[in-house]
Amino acid sequence: MTIDSIYVATNGLDSNPGTESRPVATLGEALNRTRANKSDEAATAAAKRIIVRGGHYYDVSLTLTKEDAGLQLVAYPGESPILFGGAPVTSWQREGDWLTTPLTGVYNRELDFRLIEVDGAYRQRARLPEQGAFHHLNEFKVEWLSTFAGGWKRPPKDEEMMSLRVKREDISDWLDARNAELTVYHEWDESLVGVAGVRSDGEEADIQFSYAPGHPPGAFYERNANARTYVVWNVREGLKKPGQWYLDRTNEKLVYWPLPDEEINHLQLIVPSKEHILYLEPGTQDVRLEGLTFACAATPLSAGGFGAISVSAVIHGEDVQKIIFDRVTVRNTGGWAFNLSGKEIHLNECHIHHTGAGGIKWKGDGVRLERSRIHDIGLTYQSSIAVNSDGSNHTLVHNEIYNTPYSGIASSSPNTVISGNLLYNTMQFMKDGSAIYICWYSDNVSVSGNAVFATYNASEKVRRYAYYLDEKCTNCSVHDNLAVNLGVPMLSHMTRDCSFLNNIFMDKGLQVVSVLNSSGTRFERNILIADAIEIHTPQGNPEGLVSEEYDSHPYMSTFSTSDGIVSFQNNLLFSRNQSRRFKRYFHYKAIHEYELQELSGNRFADPLLTGAAAGDYSYDANSMAWSLGIQPLSFVDVGCDGRFTEVYEQFGGDEK
């Protein structure tokens with residue numbers, strides 16, 4: 001008998017035929033059925049569709065291979081199956097206000113996790129301090145050159161990498177080396193490390209790491225106060241209020257402090273146990289997943305690295321091709337949602353939220369991400385990125401990305417289009433990233449029609465960027481975009497022949513347009529609105545200035561003659577305080593400044609925007625924008641849910 005589709009349901013039996021009325025119970029059994037009739041090509045093709053009924057499926061760990069070509073794994077219409085990489089706690093014991101349950105395998109980290117969900121919602125792991133961070137005493141006084149210049153001017157020593165000098169009063173005697181983990185912050189990333197031991201020395205102590213962090217503690221401290229801070233995770237003393245938990249490895253149990261309305265007999269807390277819920281082996285191709293939710297995967301302890309790039313993912317695929325994820329949700333998981341490599345991968349209307357690391361990372365050719373929503377990521381690794389794109393020829397269109405501690409989109413992919421995306425509340429904590437960040441040999445990248453919002457804070461000292469072209473970018477175009485309340489709406493650093501055209505940058509306070517160690521930059525037909533405006537750029541070093549700091553290095557010395565903005569024309573600058581300054585830079589130091597003049601078609605006037613709150617950025621008939629050739633912009637359809645006006649109102653984006 002040929003079955004057109006195999007049905008899976010929580011009330012099924014694996015001995016059933018897999019029909020709609022008599023479904024199987026597990027996805028593993030359904031997958032085996034699709035592979036069973038290899039000798040009957042027609043029957044195999046007919047049975048390549050698995051339909052999953054609504055409900056909760058536990059301890060799921062599926063592996064797809066080459067033989068699964070043509071597979072469709074889809075939710076039953078109108079239903080929402082959830083695939084968990086773990087199982088619920090089935091028994092609790094009371095310990096005062098807390099609930100505990102024994103867990104085998106946690107003592108030696110055979111079972112290890114950093115994020116749980118309770119009744120479908122994320123819960124905070126115990127941390128000290130509860131908000132903010134402790135300050136440590138390490139100082140690493142070595143110059144960072146650049147990534148392509150080799151990083152540190154001299155390599156750090158083992159003793160500079162493997163310990164943290166702290167105030168004894170901050171950690172006291174409660175620090176349990178088996179349980180505690182530390183986040184040590186750097187500049188654009190952080191490291192999550194285990195504790196090997198603690199040595200006390202009067203009023204101070206040295207915490208020894210179980211493995212090396214990404215950078216020596218105390219690096220970058222002279223330019224970033226966060227680089228002298230750390231956080232302690234997963235200790236009993238970190239339980240401060242209901243809704244928090246920690247994993248007591250020493251006593252092999254999970255401890256949870258329930259919320260007042262959570263009843264012990266109706267509590268569903270998922271303990272993650274599987275590192276991947278879905279694994280696609282190399283060579284897997286022509287697979288479609290639709291309407292499924294993946295939740296609660298475990299992650300091994302890892303320093304993370306730049307963008308938490310080394311942390312594992314719920315859905316992992318290597319060297320795959322023609323894979324479609326349609327309306328797939330990933331939530332409440334310890335690492336990344338997706339880690340994919342290959343060709344012709346398509347993610348449509350996906351929803352990713354509450355991840356310990358990032359949202360989606362990919363490498364390959366021809367990946368398309370559209371109309372997807374990614375938010376509340378980086379809950380363990382605050383250098384996490386919502387979308388990390390590597391490879392070439394990718395398309396990211398009409399996505400909504402928000403509540404990210406670091407960059408929203410980071411791309412090192414030539415011949416890529418990033419268009420129509422809505423981003424807000426990015427760069428909440430980490431430095432030296434951007435809402436949209438392009439770097440590392442990116443050539444011919446088009447960034448257009450995007451809208452980026454942030455909350456203005458006059459006392460905030462950390463600079464945030466909307467559009468950042470970084471080292472090795474060439475021939476990239478940032479055009480027809482909007483940035484509101486970023487302070488530094490654009491930065492072009494160590495780039496060549498890139499352009500910023502017909503954008504609208506709106507700020508309260510000071511607005512800085514920054515072009516550093518770059519050449520051949522065009523900045524034309526843009527609208528700048530702020531209290532005060534500054535333009536930072538080099539101008540070719542005609543005097544032959546020498547930098548003792550950089551010119552001795554073969555790579556860095558190549559930027560001593562950068563000519564920065566070579567075409568600054570037909571821009572409309574509206575400074576509320578009538579302050580428009582030009583600062584000429586040599587490497588990273590301002591060497592000359594003066595008031596801008598209305599030259600090369602640039603004009604100083606109110607652009608007379610109309611319809612901005614509705615996303616229609618046009619101009620009054622009397623606006624100078626028309627004579628300068630500045631085209632009106634529409635952001636009505638930006639993002640995936642038509643929420644421009646709601647976001648505009650939330651972030652106070654007024655045209656004046």
Side-chain angles (χ1 to χ4, degrees), residues 114-115 144 146-148 151 183-193 212-215 219-220 224 226-227 299-316 330 333-341 352-364 367 369 374-391 394 396 399 401-413 416 418 421 423 425-442 445 462 464-473 491 493:
R114 274 151 206 90
L115 192 147
W144 176 266
S146 81
T147 301
F148 287 94
T183 292
V184 181
Y185 294 104
H186 310 305
E187 168 83 336
W188 52 80
D189 61 354
E190 84 287 78
S191 297
L192 181 68
V193 294
H215 294 289
F220 310 106
N224 184 356
N226 288 334
T299 50
L301 182 61
S302 165
F306 171 75
I309 209 72
S310 66
V311 180
S312 62
V314 173
I315 298 173
H316 183 101
V330 179
T333 189
W336 286 80
F338 291 86
N339 180 15
L340 304 168
S341 69
I352 297 165
H353 63 97
H354 292 92
T355 63
I360 307 169
K361 57 177 175 175
W362 67 63
K363 183 176 183 178
V367 180
L369 173 69
I374 306 171
H375 60 94
D376 294 285
I377 66 161
L379 299 173
T380 302
Y381 295 91
Q382 290 187 284
S383 65
S384 296
I385 299 164
V387 181
N388 192 83
S389 172
D390 195 4
H394 304 311
L396 298 87
N399 302 290
I401 297 171
Y402 58 98
N403 296 351
T404 71
Y406 192 41
S407 297
I409 296 171
S411 174
S412 54
S413 308
T416 287
I418 301 173
N421 301 287
L423 301 98
N425 265 350
T426 61
M427 296 299 297
Q428 291 178 312
F429 182 77
M430 302 302 295
K431 287 185 64 177
D432 200 29
S434 183
I436 297 178
Y437 174 76
I438 314 297
C439 64
W440 298 356
Y441 298 108
S442 291
V445 175
V462 175
R464 291 172 296 179
Y465 311 109
Y467 308 100
Y468 184 168
L469 305 183
D470 203 0
E471 201 166 356
K472 299 288 186 179
C473 283
L491 169 62
H493 176 240

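Note: hydrogens, waters and symmetry copies are ignored here, and every other heavy atom, side chains too, is used. Only a predicted model underlies this, so the values are computations on that prediction, with no experimental measurement involved.
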Can you measure from [atom1] ([X]) to [atom2] ([Y]) and round to the nearest 0.5 angstrom?
{"X": "Ile418", "Y": "Ser389", "atom1": "CD1", "atom2": "OG", "answer": "7.0 Å"}
{"X": "Ile385", "Y": "Ile377", "atom1": "CD1", "atom2": "CD1", "answer": "8.0 Å"}
{"X": "Cys439", "Y": "Phe306", "atom1": "SG", "atom2": "CZ", "answer": "6.0 Å"}
{"X": "His353", "Y": "His375", "atom1": "NE2", "atom2": "NE2", "answer": "5.5 Å"}

Taking side chain as C-beta onward, heavy atoms only, is [X] less than 4.5 Å from [Y]?
{"X": "His215", "Y": "Trp144", "answer": "yes"}
{"X": "Asn388", "Y": "Trp362", "answer": "no"}
{"X": "Leu469", "Y": "Tyr467", "answer": "no"}
{"X": "Leu379", "Y": "His354", "answer": "yes"}
{"X": "Thr299", "Y": "Leu115", "answer": "no"}

Output yes when a side-chain donor or acceptor of [X] lies under 3.5 Å from a complementary backbone atom of [Y], and no otherwise.
{"X": "Glu190", "Y": "Ser383", "value": "yes"}
{"X": "Asn421", "Y": "Leu396", "value": "yes"}
{"X": "Ser407", "Y": "Ser434", "value": "yes"}
{"X": "Trp336", "Y": "Ala308", "value": "yes"}
{"X": "Ser191", "Y": "Gly214", "value": "yes"}
{"X": "His394", "Y": "Lys363", "value": "no"}
{"X": "Asn399", "Y": "Leu369", "value": "yes"}
{"X": "Arg114", "Y": "Gly356", "value": "no"}
{"X": "Lys361", "Y": "Ile309", "value": "yes"}

Locate the shortest heavy-atom distance separating [X] from [Y]; write the atom from each residue and the value.
{"X": "Ile352", "Y": "Ala337", "result": "CG2-CB, 3.6 Å"}
{"X": "Ile374", "Y": "Val387", "result": "CD1-CG2, 3.5 Å"}
{"X": "Asp470", "Y": "His493", "result": "OD1-ND1, 2.6 Å"}
{"X": "Trp188", "Y": "Met430", "result": "C-CE, 3.5 Å"}
{"X": "Ser310", "Y": "Gly305", "result": "OG-N, 4.4 Å"}
{"X": "Val311", "Y": "Gly335", "result": "CG1-CA, 3.7 Å"}

Do [X] and [Y] meet the criterion of a side-chain donor-acceptor pair at a distance under 3.5 Å?
{"X": "Asp432", "Y": "Tyr468", "answer": "yes"}
{"X": "Thr355", "Y": "Thr333", "answer": "no"}
{"X": "Ser412", "Y": "Ser442", "answer": "no"}

Under the criterion side-chain hydrogen bond (donor to acceptor under 3.5 Å, both in side chains), I'd like the reasoning laid out for Gln382 against Thr183: C-alpha separation, chi angles, the key distance, then a yes or no.
CA-CA 9 Å; Gln382 290 187 284; Thr183 292; over 6 Å; no
When the aromatic ring centroids of [X] and [Y] are compared, is their separation below 6.0 Å?
{"X": "His186", "Y": "Phe220", "result": "no"}
{"X": "Phe429", "Y": "Tyr185", "result": "yes"}
{"X": "Phe338", "Y": "His316", "result": "no"}

All side chain to side chain donor-acceptor pair (under 3.5 Å) counterparts of Asn403, not counting sequence neighbours |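 Residues passing side chain to side chain donor-acceptor pair (under 3.5 Å) with Asn403: Asp376, Asn425.
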